[in-house]
Amino acid sequence: MNRWKRAFAIIGLILIGILIVGSIILAFMGTELSRQLLMADLFCLMVIPACFYGYQIFLNLRNQKNGKQDKKPDCK
C-alpha cells in the first residue's frame, strides 16, 4: 500500500509542477486564448490538490470504519 501512496504522491507532484510551469508560461503570453488557458490552469491548480485531499480523507474514514488502521512504524 505504501508503494501506491508514494507513486500517487510523485504523480501528483509532477502534475502540479507541470501546471505551475504552464501557468508561468501562459501568464507571459498575451493572446486571448492564453488568458483563457491560464484561468483553466489556475482552476486546476486549486481543484486537483483539493480532490486529492478529499480522497485521502475519504479513504482514512473508510479504513477507520472497517477497523483498518495504517500501521505506522515505531520511531524508537
Practice item. Say whether Ile20 and Phe28 are linked into one hydrophobic cluster, either directly or through other cluster members, by side-chain heavy-atom distances under 4.5 angstrom. Key: yes
Check your understanding: Could you state the interatomic distance from CG (Asn63) to CZ (Phe58), rounded to the nearest 0.5 Å?
Key -> 9.5 Å
Check your understanding: Quick one: does Val21's side chain get under 4.5 Å of Ile18's, heavy atoms only?
Key -> no
Check your understanding: Atom CG in Leu26, atom CD in Gln36: separation rounded to 0.5 Å?
Key -> 11.5 Å
Revision key, fill the gap. In terms of heavy-atom contacts, Pro49 and Ile16 come closest through CG-CD1, 3.8 Å
Check your understanding: Under a single-linkage definition using a 4.5 Å side-chain heavy-atom cutoff for Ile, Leu, Val, Met, Phe, Trp and Tyr, are Leu45 and Ile24 assigned to the same hydrophobic cluster?
Key -> yes
Practice item. Identify the heavy atoms of Cys44 and Leu19 that sit nearest to each other, and give their distance. Key: CB-CD1, 4.0 Å
Review point. Under 4.5 Å between any side-chain heavy atoms of Arg35 and Thr31, yes or no?
Key: no
Check your understanding: Do Ile25 and Leu37 belong to the same hydrophobic cluster, where Ile, Leu, Val, Met, Phe, Trp and Tyr are linked whenever their side-chain heavy atoms lie under 4.5 Å apart, directly or via other members?
Key -> yes
Review point. Going by heavy atoms in the side chains, are Leu38 and Ser34 under 4.5 Å from each other?
Key: no
Practice item. Determine whether Phe8 and Ile48 fall in the same hydrophobic cluster, where Ile, Leu, Val, Met, Phe, Trp and Tyr are linked whenever their side-chain heavy atoms lie under 4.5 Å apart. Key: no
Check your understanding: Leu42 and Leu33: same hydrophobic cluster, using ILVMFWY side-chain contacts below 4.5 Å?
Key -> yes
Point to revise | Closest approach of Asp41 to Gly22 (non-hydrogen atoms, all atoms of both residues) | key: OD2-C, 3.5 Å
